[in-house]
Amino acid sequence: MILPEQDISVAEAEPNPMLSLLNDEQKQAVLATQGPLLVLAGAGTGKTRVLTTRIAHILLTKLAWPGEILAVTFTNKAAREMADRVSSLTGASQSLWMGTFHSIGAKIIRRHAEKLGLTSSFTILDEDDQLRLIKAILAEKNIDDKSLPPKLFLAIIQSWKDQGLTPAKVNNPGDTQAASGHAVSVYKAYQDRLRQLNATDFGDLILHMLTLFTEHQDVLQEYAKRFKYILVDEYQDTNVSQYLWLRLLASYHKNICCVGDDDQSIYSWRGAEVGNILRFERDYPDAKVVRLECNYRSTPHILAAASALIANNRGRLGKTLWTPVTEGDKIHLKSVWDEGEEARYVGEEVEQLQRKGTDLKQMAILVRAGFQTRAFEERFLTLGVPYRVIGGLRFYERAEIRDAVAYLRVIASPSDDLAFERIINTPKRGIGQATMQQLHTTARAINNSLYHATVHLLQTGALKGKLGQALDKFIQGCERWRSQIGVLPVSEITELVLEESGYRHMWQQEKSPEAAGRLENLKELARAIGEFENIGAFLEHVSLVTEAAGNNDSNDMVSLMTLHAAKGLEFDVIFLPGWEEGVFPHQRALDESGTKGLEEERRLAYVGITRARKRLFISHAANRRIYNQWQSSIPSRFIAEIPQEHVDKISGGLYNAPKPTQRAWQDEVASIMSASSKPAASEAKFSKGTRIFHQKFGYGRIQSVSGDHLEIEFEKAGHKKVLADFVEKA
DNA sequence: CGTTTTTGCCTTTTT
DNA sequence: GGCAAAAACG
């Protein structure tokens, strides 16, 4: 199936205008259509342009039809962007297989659902549903969910799915003993329940495809032959499942082009394997590798800082980024007293830049963890600076939206027990534990869903009085609403449901300040549904797309987001606050993953720095409040890893005196680090057997110490677990 | 069954 | 210190 070489030279002979926009490396990456290709694309080197031009090139030179090209991304945004740019280059992109791993997975699984024990109308569960399911399983199996919380099982199951392990394939001694040996049987039960519910979770969208391809050669053949060209974005983020799936798909034509940057691998906690990209040349022996190293985004100082920082990581494929730009500010570094001062400082800089003519939408504040946005939000509110938090509260995760969606799920598929349970008593219909128990028992007895159990009980007259009336009204409503499917437009059905179920009324009754916003959201939901063909299409969208509502790019606002959310974005001005040990690098990353964790944190720092086009502000506070306790903190080691010649220290902080050499610079950071490091409070002060006094519990003796947590036998109050800060030596 | 009180956990990052 | 889930109470 290898196509003749001439095809490529034809393209070169008739220079294509879009190719003239590319540099030599980018052209190589576009024109090397045949065989495996790895494009190592450093930050800001134009990888999206390469990907889209490559697709356009394949289409325009007739190497393949749109339906024979598969392009996978990780985010819907990336997919949409790619589709837009391809269609502007070629005029059309509809029939391309372009989307996220998960949306492509859903599409393929729906086509072959019966081979996996599902029907094509299967639902996709969110985390909430998953946890409720696991909780029910734990209860059934009499597993104590205090010592072994559902979240633990979910994490284990997810990581197995990321690794391509079905329950039957979990065999490692370490794995089989996970969660006191219960994890495998819970996983099995969980998968059984999913199948009964005709449901999948996110991991299944990949894992089922893998199963489908390995157990049904004919299906694999169909797709492997169909996709003449495969393109993968952000290859460094693929997990084992995705990796295996891609290898199967590429086994026939072997035209797979993976684009990625090992230095931007920041999702290992979600199962991503940097090894996939590091191993590419071994997996595909005749692979070509193209490095994109010319950065068109950032100024030299910013780029040099990022390069020097990331050079501290081991096991990189290695790239040398350079930029044709010659001028630009150094990185601004500021030391502040506490987070309040940090927010004031950032606020001032933002206002000053705005006065000088920089749009607010060209500025972003990137934090390590979501909660850090709060200090800045408060500051911006008092200053009256418009801002938006990206990725904070997502539209479809709000309670009222999830409730409304649950109604639609029950109407679309009455056997959706999880949705049924969510809304059967919302608004209040007087259904409590006892009634739910009865419904569950009946459902099991008639081997049917909760919905049908309810119908059954109503018919047999087992539900009487107020309860029976309420349930009857509910069922009648559902039947009536369902009968409107295909008759009324979906947005009108939604309105009808919200009105007649009493759900909207419930919020209208509530006088809390959020209620008005919730009603607004419900309106917005009904409007959004109108854009879909049918309820099914909408429900799929809800499960796969997590977008902030009303993301108007036209509004001039400062953006606040996590470093993870910032990947793939760029701004003229970037603020990176909170560069302190423990915050960034995050303590938990260090504790749980050691050097590997530290290197991923460093890659995160690299991602953060390289988001900036013109100006970069890094800051750290000497004191920070954590769990409502003041803690002194020391500057992040990453600050010391940035060569001094690229840094401008802003006066008023700890870094006042300029130091001439890199060595002295590092010494200075080190001295600050040791000067402000506090003695480990509890360990030094308290040990086993120490007699102490507690304001509330009185005198006692320490039984054990672990970090700040003390176990104390009090003379009057008995055995208690207490934080070290609440006790003093007696 | 619904309300109030208490606890416990949080603050890593998410398709 | 704040929020959500669980427990206790009415």
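Note that these values count all heavy atoms, side chains included, but never hydrogens, waters or copies made by symmetry. Every chain is numbered from 1, with letters handed out A, B, ... down the list of sequences.
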Original post:
Reckon Thr75(A) has a side-chain N or O less than 4.0 Å from the OP1 or OP2 of dT14(B)?
Top reply: no
Original post:
Does dT14(B) have OP1 or OP2 sitting under 4.0 Å from an N or O in the side chain of Lys77(A)?
Top reply: no
The criterion is side-chain hydrogen bond (donor to acceptor under 3.5 Å, both in side chains); which residues satisfy it with [X], sequence neighbours excluded?
X         : result
Asn623(A) : none
Asp263(A) : Arg316(A), Lys319(A)
Tyr503(A) : Asp403(A), Trp507(A)
Ser103(A) : Thr100(A)

List the residues meeting salt bridge (Lys or Arg N to Asp or Glu O under 4.0 Å) with [X], not counting sequence neighbours, and say none if there are none.
X         : answer
Asp129(A) : Arg132(A), Arg409(A)
Glu378(A) : Arg374(A)
Arg624(A) : Glu339(A), Glu342(A), Glu580(A)
Arg603(A) : Glu600(A)

**OP:** Consider only side-chain N and O atoms of Tyr606(A) and Gln264(A), and report whether a donor and an acceptor are under 3.5 Å apart.
**Re:** no
So which nucleotide from [options] ends up closest to the side chain of [X]?
X         : options                  : answer
Lys135(A) : dG2(C), dT15(B), dA6(C)  : dA6(C)
Phe202(A) : dT15(B), dT14(B), dA6(C) : dT15(B)
His564(A) : dT11(B), dC1(B), dT13(B) : dT13(B)
Ala434(A) : dT11(B), dC1(B), dT15(B) : dC1(B)

Tell me: [atom1] of [X] to [atom2] of [N], nearest whole Å?
X         : N       : atom1 : atom2 : result
Leu152(A) : dC9(B)  : CG    : C1'   : 16 Å
Leu205(A) : dT15(B) : CG    : C1'   : 9 Å
Leu131(A) : dA4(C)  : CG    : P     : 16 Å

Subject >> Nearest-nucleotide comparison on DNA chain B, the residue closer to the 5′ end among Tyr267(A) and Leu467(A) >> reply: Leu467(A)
Subject >> 5' priority, DNA chain B, between Phe371(A) and Thr562(A) [closest heavy atom] >> reply: Phe371(A)
**OP:** Identify, residue by residue, the members of residues 422-432 of chain A with a heavy atom below 4.0 Å from DNA chain B, and return them in order of residue number, or none.
**Re:** Asn425(A), Lys428(A), Gly430(A), Ile431(A), Gly432(A)
**OP:** Sorted by first residue and then second, give each ring pair (Phe, Tyr, Trp, His ring centres under 6.0 Å) pair with at least one member in residues 136-165 of chain A; sequence neighbours left out.
**Re:** Trp160(A)-Tyr187(A)
Just the atom pairs and distances: protein N or O near nucleotides 7-10 of chain C's N or O, under 3.5 Å.
residue : atom : partner   : partner atom : Å
dA7(C)  : OP1  : Lys146(A) : NZ           : 3.2

Subject >> DNA chain B stem ranges, 3 or more consecutive Watson-Crick or G-U pairs under 3.5 angstrom >> reply: B:1-9 with C:2-10
Original post:
Are the ring centres of Phe376(A) and Tyr387(A) closer than 6.0 Å?
Top reply: no
Original post:
Reckon Lys151(A) touches a base, only the sugar-phosphate, or nothing at all at heavy-atom distances under 4.0 Å?
Top reply: nothing
